[in-house]
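Just below is one structure, and these are the notes that go with it.
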Amino acid sequence: MFEETRSKLKSIDVGSSNAEFLYSFLRAFNFPKATISKLQLHNNSNSFLLKNKLLFVATEKANPFAELEALKLNGLAKIKARIILIANKDYILSFDKSTEDTLSVSKKELYNYFDFFLPIVGIEKKNLKNAKTANLKSAEKFAELYNSLVQSGECRSEADRRSLNIMMARLLFCFLAESIDAIEKGAIYNLISTYTSASGANLNVLLKNIFNVISGRDRADLPDYLARLPILNISLFEEEIEVPKFNNQSRKLLLDISSIDWTTVNPDILGSLVQSTFVPDNSLGLCNHYTSVSNIMKVLGPLFLDELYEIFEAKRNDVYGLQCLLARISSVNVFDPTCKAGNFLIVALKELRKLESNIHSALQILSGEITKPKSIINVCQFYGVEPNYFNTLITRIGLWITDFQTNDSEHINPLDSIDSFDASNILFANPTRIDWSRFCTDKEESYIICNPTYKGATKQTPQQKADVAYVFRNHTNTSSLDYASCWVYLSAQYIKNTKSRAALVATNSITQGQQVGLLWPKIFAQDVEIFFAHTSFKWKNSSKDNTGVTVVIIGLASDGVVNVKRLYSQSTTDETSNISPYLTTGDKTIVKRRRTPLSSLPPMPKGNMPYDDGNLILSRQEKLELVNENPAAKIFLKRLMGSKEFIHDIERWCLWITDDNLSEANQIQPIKHRIDKTRESRLSKADRAAKKLANRPHQFRETNITITQSILVPSVSSERRKYIPIDFVFSKTIISNLAFAVYNCEPWIFGVLTSKMHLLWIKAVCGSLETRIRYSSELGYNTFPFPNITEEQKEMITACVYSIIQEREKHAEKSLAQMYDPTNMSGELLHSHEVMDSVIESCYRKEPFLSDQQRLEHLFSAYRDKLICK
DNA sequence: CATCCGACAGAGA
DNA sequence: TCTCTGTCGGATG
């Protein structure tokens, strides 16, 4: 169906003018002539708008990312088009506003990515089950072969696994070597198909021979068919390994793999795919998530590439300037201290070569020379540390093939290119245990890029726990840190007092909640600051399972190295003099956990934790059945509310038994059964506290109850609502550990908690679940700066509270979720909240606040003042 | 003792 | 399969 589009795109003359390029592009997607001739000029003569579909921008800039950034600065929302297509002489950069996908390819390769543009003809990519790319196909075949060999029982021991991994890496190397003619094309396929039997029985012997011949170990009296293989003098083939036995099926898979056309395989994602599909478990418990190219560009651009391109644009007509720039890029180090399959390094190499090629083109124009010299960017400038041996091999392979593919010179002998396999600096080690500065010694400038493993403090393996303890051995209060903090800290140490910079992708947790107070003082103490950052966005790559995590990007530099800091979000870019550890434009104020409220507010504990494996809790149905059969059970039941039951008005019940009426409760068989099960479950836990709780299995861990009225605050709730849904609950309700409670409180407290001021504070200083609002008392409530107010003010607030309650009562049939639906909130309810907001704000100061930014600044300064007073 | 977190998890469309 | 939005339990301070 789209073959025609593809072939039309392929036939576009790359050298044509911008307008011609655009016309051909649109014709490929079958836009009628009339549409094309009616194209509107947009803002200036370099861009065209196809309304609601496409904005085409022609640029002179060699780095189209700069043009996209410029558009973002002006606000992407204003652009009335789904897809933005930026084109310079050779490359195109495209951005899909809806999916936030980025595509960066040369014009020549554009046809292979036509599906990116299908939304402009009304087809969503997700609906398109198109043929898999060569990359994915190859990776899956590789994974199949790997699994087949593992499952046939050939690779039981650790040593067998290792041999298998090395064999897989060697095979990958051989096929790529064929693709660049370092090995005769089809040689491996022919050897296997000709000299092994269909049963696969002697295939392992043949492979062993092939490896021996290639390594040069065993070349005496070779039969002719093996003698034609070259000697590849690299470490990959040095070790003599046991090759696992093949069977009919695995032999067939290997033949399939060797007949793939490896010339079309893209090294920056192949390695990652291979790795993510066939290293399912590894002894270090590290994850195999890899970073997509568009995410890598979010890191490389602000870290150094944008700056290099700015220099290039400025010196375009200056031979000396261009030569200086060349000298500079030939001496930078790029260092990924947890490189996995190496795709950061590979993309960095590719991008630097692209820039180099641009510089050579500019120099050619200035000097009139025709031939391009050999690249001065060497793979030895690329450093990686990786605790998985197989990954180090994949990284080396990726860098080697990229080195060959991106070298402009036509006179590189494929066999000579092999040397770069061992030239790259890839170290097999645990990066938390080595001294980075002794591995990647700082020449002129080094750039650290990485996407370390994230693991929350309570989810770390003992090994990871020990790693964190080792990295932070000179500090206290470190056992709640995420595993990724190690890389932030070590990066800061590495760049300290140098001009080098670092940029990391990390879980957003390290920029939120308690971790801010635990990590960032240790970073800032080294005179290192955040010079750019990208706020939270949902992690995505093209791997089959897109795991749920929300990430940020953090750029670090020594104080004073970078003056203008850039703060990026999905659609905006802010320039500022400081980026806070919460990734806002504020100052470096850090809010730390407090046990008691800073202001004159009553305590807010968490609700009661069941700790029961579900045995003390009943659904509506279970409760009805119990009461039907045992009417006496009724007095032991109370409504239970966590966030979900509270917000969505879901009926859930719990057994609430005091020591006094325990014997009475035990008379009812189903209740006794539930109590017994709770005891069992608590006893089965390793935790000492749990065993102690088994002594009172009829009760929740905490036993707080409401006597008059309590305010319930859900601990997690959607960030899309205008207000956090909170409400009063009364004595029949038990609040669970999934909500906070101000027990038996005065009504005006409700006014403070529901206010916009409080919400802003909570969003700013508490943690979050992905991007949900995660309320917390120690971080958000106890730290909230609220003025001491008069009785009159309390009365005013109370009046507003009642008017909100009254508005809610008009919709008594609705749940809080429905009343506070972000798209459908009643005008009166909204209004009563706004009145409340202004009353609360008037407690802070007479003149009204003009923006949330102002409100937050006031809150932070009030927080600092209160702290000093205490 | 009692809080904050999760390379998440479960439900609904 | 994607979108939306909050469970549950326990190590940790």
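A, B, ... follow the sequence lines: proteins, then strands. Residue 1 opens every chain. Scope of the values below: all heavy atoms of this structure, side chains included, with no hydrogens, waters or symmetry mates.
Judged as a side chain to side chain donor-acceptor pair (under 3.5 Å), and not counting sequence neighbours, A:R720 has no contacts.
B:dA7 and B:dT3 are spaced 23 Å apart, taking the C1' atom of each and rounding to whole Å. Taking atom C1' on both nucleotides, B:dA9 is separated from B:dC5 by 14 Å, rounded to a whole Å. Between the C1' atoms of B:dC4 and B:dC8, the separation comes to 15 Å (whole Å).
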Hey, what are the protein-to-nucleotides 5-7 of chain C N/O distances that come in under 3.5 Å?
{"from": "C:dT5", "atom 1": "OP1", "to": "A:R720", "atom 2": "NH1", "distance (Å)": "3.3"}
{"from": "C:dT5", "atom 1": "OP2", "to": "A:R720", "atom 2": "NH1", "distance (Å)": "2.8"}
{"from": "C:dG6", "atom 1": "OP1", "to": "A:H648", "atom 2": "NE2", "distance (Å)": "2.7"}
{"from": "C:dG6", "atom 1": "OP2", "to": "A:S718", "atom 2": "N", "distance (Å)": "2.8"}
{"from": "C:dG6", "atom 1": "OP2", "to": "A:R721", "atom 2": "NH1", "distance (Å)": "3.2"}
{"from": "C:dG6", "atom 1": "O6", "to": "A:R772", "atom 2": "NH1", "distance (Å)": "2.6"}
{"from": "C:dT7", "atom 1": "OP1", "to": "A:S643", "atom 2": "N", "distance (Å)": "3.4"}
{"from": "C:dT7", "atom 1": "OP1", "to": "A:K644", "atom 2": "N", "distance (Å)": "2.9"}

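Stacking of A:K298 on the aromatic ring of A:F537 is recorded, both the 6.0 Å distance cut-off and the 45° axial limit being met. With A:Y611 as the aromatic partner, A:K685 meets the cation-pi criteria of under 6.0 angstrom to the ring centre and within 45 degrees of the ring axis.
In DNA chain C, runs of at least 3 consecutive Watson-Crick or G-U pairs, each pair with both distances below 3.5 Å, span B:1-6 with C:8-13, B:8-13 with C:1-6.
Taking only distance into account, the side chain of A:N477 never meets the base of C:dG13 through a donor-acceptor pair shorter than 3.5 Å. Residue A:N704 places no side-chain atom within donor-acceptor reach of the base of B:dA2, judged by atom type and a 3.5 Å distance cut-off alone.
Proximity of A:K465 to the phosphate of C:dT12: a side-chain N or O atom is located under 4.0 Å from OP1 or OP2. Dashed line: the shortest gap from a side-chain N or O of A:K606 to OP1 or OP2 of B:dC4 is not under 4.0 Å.
If you check every strand for non-hydrogen atoms under 4.0 Å, A:N608 touches nothing. When heavy atoms are screened at a 4.0 angstrom cut-off, A:F740 is found touching the sugar-phosphate backbone but no base atom.
Checked against B:dA7, B:dC5, B:dT3, the side chain of A:E778 finds its nearest nucleotide in B:dT3. With B:dC1, C:dT12, B:dA7 as the candidates, the nucleotide lying closest to the side chain of A:K692 is B:dC1.
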Test log, rule salt bridge (Lys or Arg N to Asp or Glu O under 4.0 Å), inputs A:K538 and A:E770: CA-CA 8 Å; A:K538 186 104 182 147; A:E770 299 265 283; 2.5 Å; yes
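The separation between A:E702 atom CD and B:dC4 atom P is 13 Å, rounded to whole Å.
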